[in-house]
S.K.: 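Below you will find the structure I want to go over with you.
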Protein chains: 4
Amino acid sequence: MSPRTKEQFEAIRNEKEKLILEVALSLFAKNGFESTSVSMIAKKAGISKGLMYSYFKSKEDLLKEIILNGLNRFIDFLKIEDPNNIQKQELINFIDGNFSLLKSNSDFYKLYFSLSLQPKVLAVLEAEIATLFGKFFSAFNNYFEKKGDKNPYVKTRYLLAIFDGVGLHYLVDTKNYPLDETRDIIVDLL
Amino acid sequence: MSPRTKEQFEAIRNEKEKLILEVALSLFAKNGFESTSVSMIAKKAGISKGLMYSYFKSKEDLLKEIILNGLNRFIDFLKIEDPNNIQKQELINFIDGNFSLLKSNSDFYKLYFSLSLQPKVLAVLEAEIATLFGKFFSAFNNYFEKKGDKNPYVKTRYLLAIFDGVGLHYLVDTKNYPLDETRDIIVDLL
Amino acid sequence: MSPRTKEQFEAIRNEKEKLILEVALSLFAKNGFESTSVSMIAKKAGISKGLMYSYFKSKEDLLKEIILNGLNRFIDFLKIEDPNNIQKQELINFIDGNFSLLKSNSDFYKLYFSLSLQPKVLAVLEAEIATLFGKFFSAFNNYFEKKGDKNPYVKTRYLLAIFDGVGLHYLVDTKNYPLDETRDIIVDLL
Amino acid sequence: MSPRTKEQFEAIRNEKEKLILEVALSLFAKNGFESTSVSMIAKKAGISKGLMYSYFKSKEDLLKEIILNGLNRFIDFLKIEDPNNIQKQELINFIDGNFSLLKSNSDFYKLYFSLSLQPKVLAVLEAEIATLFGKFFSAFNNYFEKKGDKNPYVKTRYLLAIFDGVGLHYLVDTKNYPLDETRDIIVDLL
DNA sequence: CATGAATGAGGTTTCATTCAT
DNA sequence: TATGAATGAAACCTCATTCAT
């Protein structure tokens, strides 16, 4: 066997890191952060605890990485060509992207919701989260302003709140919640 | 000296139980259930750890008591005279009650939201919660049906989701969230 | 109502003390000394914990009282008219007394057996126990000596061991153990 | 440095497990199960409390392991070639094995006796214990039946009770109890 | 890179005992 | 005499993290 090249090593590292992130997310989502032990994660990922600590310097660090990873997927859905002339379709695309992520990536949403009221854990990511939220807010706010809505601020905050409310209810009762029909109602608000 | 009377003992118990419940709720809301230790509760309540266990069988039992306590306040807001003829004002009263509770009792909401995605903890109260939620659902659903709404089920679930979404956003950003204006928007949906 | 006389008070005290002793014995026998809490005893006796401590200065003291109480019943069964001329019937009476106590007072036996291998607890009663055991030993030993038995010491120790072995097996399997038939075999050893 | 091999890890575990079992047995025998704390065990074994829990799920689990370990040594002493024709010598071998174990392994006997009247603790091992006891019973019962004894059942139960009585007395007064002479008396009963 | 034994701090819980009333 | 609220020490147990190999 020829010795592995640097690239191969890096590929293995990346792959294993990804595995840990996935496994940890699923466990955090299911049991909560505090109730998930590092041992459980290592076991489910098929590695040793020690190795986990070579990828992430602490359990909290692992959590942050997971959250950052998850947040980054959102930005992609919001594609605005011209901030001064936001198209309805652009916002619809965002909504649809969001909802499809909700379905495909519900673990991340669960984790995020369950942490969103415990500022301590998320404190370190405050800046990132504020930035992200700010982008969404601007987009909708600008759109409603341009559209001449009576109170764009209130409407925007209302709409963003709805996203989370619907997400929450969908996650709590995934089988029955009428997500697609709700999507139509929301789109009608634009 | 004569021993304390039954009434005196009961008064002591009631008062201290209330104290513990309040202190625990505030800490659970702030740090989360798992991250709040019985030591912290005892310290803040000015009692020994041991005493807490004379009032509540376990930390989890304490949590359940808190949740039950909190849930019971909700029911009062939903007063329906005739289920076959629900009045718009009755639902408005419910909404207003809810929002006023959100303001005055935000700790309970915080706790409830942060637990709502960890079914394990709430499992024991599932029945109570389902009953409560069922009542709210019926009220709105019946109302929308009677009103001839196109899809009462979807609308009801949408509305209940909005409550939680708005609540969540209000709790995360209490200072700025335009709760009263949002209330008007919601009332207009009826 | 006329005030109670000193005698009445004492009668009440004695009665209550007896009640506590009985209740505690039954619980100790069932759960073991360590696994029985003072609270359990007080509850089952229908008194407060504080009161219990006015009768017995500690949980251990209560145990000692119980053991002493129980041991004293034994002596009565061993009635020897003339130590230099012990009658077979006197020993038979002792055996029968013992076995009947085993049936009627099995709680005490259970407790005693389960403690007999933990010298710490019984250490304080060592003297009493040694005295009692010594009396039994002497009686049987003298009898076998007089009777011209080859090895009275061994036979005596063997016999006393049998008592406990049979007692133990009877207590473990009270329903099925053939106590009366065993009694006859033992009597034949005299 | 290369990590330890599986074999090395296993060796460490086996050794330490054995150490803990031995230390715990000695303490349980001396103080009783309830009065022996995990701290005491850990201290005497020279390990941390936490480590004990990596070897045994709980203090009770540790106890069960000890009992199972001890029980297994018994079976070896009972070797019956033909159950329909049990030889006197086979039973003598069993008795001698038992007594020699009593001497060499007195801690286990002590523990077992002190637990035998607290069914709660042993409840989980009931099946194993019943099986073991059943084997002994059958062997002696069959032997006495074949031999034409008047009442094989009573004799067998009497004999098994004697084993325990003698064991108990030997353990309480190891220095003086005439175990070997007693052994001869018992053998004569066959 | 990889392992899992080992630690130690801190969690939940129990309970004999005290003491104000 | 009688109560049970209250304490505090100590029990059992968990787990993030370290480290020798």
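Protein chains get the first letters and strands the later ones, always in sequence-line order, with residue 1 at the start of each.
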S.K.: Of the nucleotides dG4(F), dC1(E), dT7(E), which one has an atom closest to the side chain of S48(C)?
M.R.: dG4(F)
S.K.: Judged by each residue's nearest nucleotide on DNA chain F, which is more toward the 5′ side, T36(A) or G50(A)?
M.R.: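 Of the two residues, T36(A) wins.
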S.K.: Is there a side chain to side chain contact (heavy atoms under 4.5 Å, CB included) between L111(B) and I67(B) once you walk through the steps?
M.R.: CA-CA 8 Å; L111(B) 176 59; I67(B) 306 269; 4.3 Å; yes
S.K.: Please report the distance, rounded to the nearest Å, between CG in D61(C) and C1' in dA16(E).
M.R.: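 For the pair D61(C) CG and dA16(E) C1', the rounded distance is 13 Å.
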S.K.: Hey, does S54(D) reach any base, or is it just sugar-phosphate, or nothing, if we go heavy atoms under 4.0 Å?
M.R.: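 The answer is nothing, as S54(D) stays clear of every strand by at least 4.0 Å.
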S.K.: Rounded to whole angstrom units, what separation is found between the CG atom of L27(A) and the P atom of dC15(F)?
M.R.: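 It works out to 13 Å between those atoms.
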S.K.: Does anything in residues 46-67 of chain C form a ring-ring contact (aromatic ring centres under 6.0 Å, His included)? List the pairs, not counting sequence neighbours.
M.R.: none
S.K.: In whole angstroms, how far is the P atom of dC13(F) from the CD1 atom of I41(D)?
M.R.: 10 Å
S.K.: Figure out the CD/C1' separation between Q8(B) and dT3(F), and round it to whole Å.
M.R.: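 Taking atom C1' of dT3(F) as the reference, CD of Q8(B) is at 11 Å.
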S.K.: Map every base of DNA chain E to its dot-bracket character, where paired means a Watson-Crick or G-U wobble contact with both distances under 3.5 Å and | marks a partner outside the strand.
M.R.: .||||||||||||||||||||
S.K.: Return the 5'-most residue of the pair S39(A), I47(B) with respect to DNA chain F, ranking by each residue's nearest nucleotide.
M.R.: I47(B)
S.K.: When you measure from the side chain of K43(C) to the backbone of V38(C), do you find a donor-acceptor pair of N or O atoms at a distance under 3.5 Å?
M.R.: no
S.K.: Nearest whole Å is fine: how far is dT17(F) P from M52(A) CE?
M.R.: 8 Å
S.K.: Looking at every strand, decide which applies to L51(D) at a 4.0 Å heavy-atom threshold: base, sugar-phosphate, or nothing.
M.R.: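 Base contact.
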S.K.: In whole Å, what is the span from the CZ atom of F56(C) to the P atom of dA2(F)?
M.R.: 14 Å
S.K.: Answer yes or no: does a side-chain N or O of Y53(B) lie under 4.0 Å from OP1 or OP2 of dT14(E)?
M.R.: no
S.K.: Does K49(C) get its side chain close enough to the base of dT3(F), under 3.5 Å, for a donor-acceptor pair?
M.R.: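 When only heavy-atom distances are counted, K49(C) does not reach the base of dT3(F) through any donor-acceptor pair under 3.5 Å.
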S.K.: At their closest point, which heavy atom of S48(A) faces which heavy atom of A42(A), and how far apart are they?
M.R.: C-CB, 3.9 Å
S.K.: Measure from OH on Y55(B) to C1' on dT14(E) and round the result to the nearest Å.
M.R.: 17 Å
S.K.: Which donor-acceptor pairs under 3.5 Å do side chains of residues 20-34 of chain A form with protein atoms, sequence neighbours excluded?
M.R.:
residue : atom : partner : partner atom : Å
S26(A)  : OG   : V23(A)  : O            : 2.9
S26(A)  : OG   : K44(A)  : NZ           : 3.2
N31(A)  : ND2  : L27(A)  : O            : 3.4
E34(A)  : OE2  : S35(B)  : OG           : 2.6

S.K.: According to a strict under-4.0 Å criterion, is R4(D) in side-chain N/O contact with OP1 or OP2 of dA5(E)?
M.R.: no
S.K.: Let me know, please, whether K57(C) or K16(D) comes out on the 5' side of the other along DNA chain E by nearest nucleotide.
M.R.: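 On the 5' side of the pair lies K16(D).
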S.K.: dT17(E), dA2(E), dT7(E): which one has an atom nearest the side-chain heavy atoms of S58(C)?
M.R.: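 Nucleotide nearest to S58(C)'s side chain: dT17(E).
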S.K.: Is any side-chain heavy atom of L62(B) closer than 4.5 Å to one of I41(B)?
M.R.: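 When only atoms from C-beta onward are counted, L62(B) and I41(B) do touch, with a gap below 4.5 Å.
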S.K.: How many whole angstroms separate atom CG of L63(C) from atom C1' of dC15(E)?
M.R.: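 These atoms are roughly 17 Å apart.
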S.K.: Nearest heavy-atom pair of S58(D) and M52(D): which atoms, and what distance?
M.R.: O-CE, 4.2 Å
S.K.: Give a yes or no on whether the backbone of T5(B) and the side-chain of Q8(B) come within a donor-acceptor separation of less than 3.5 Å.
M.R.: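 The answer is yes, because a donor-acceptor pair under 3.5 Å joins these two groups.
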S.K.: Report the nucleotide, chosen from dT3(E), dA16(E), dA6(F), that has the shortest atom-to-atom distance to any side-chain atom of K59(C).
M.R.: dA16(E)
S.K.: Which nucleotide, dC15(F), dT13(E), dT3(F), lies nearest any side-chain atom of S37(A)?
M.R.: dC15(F)
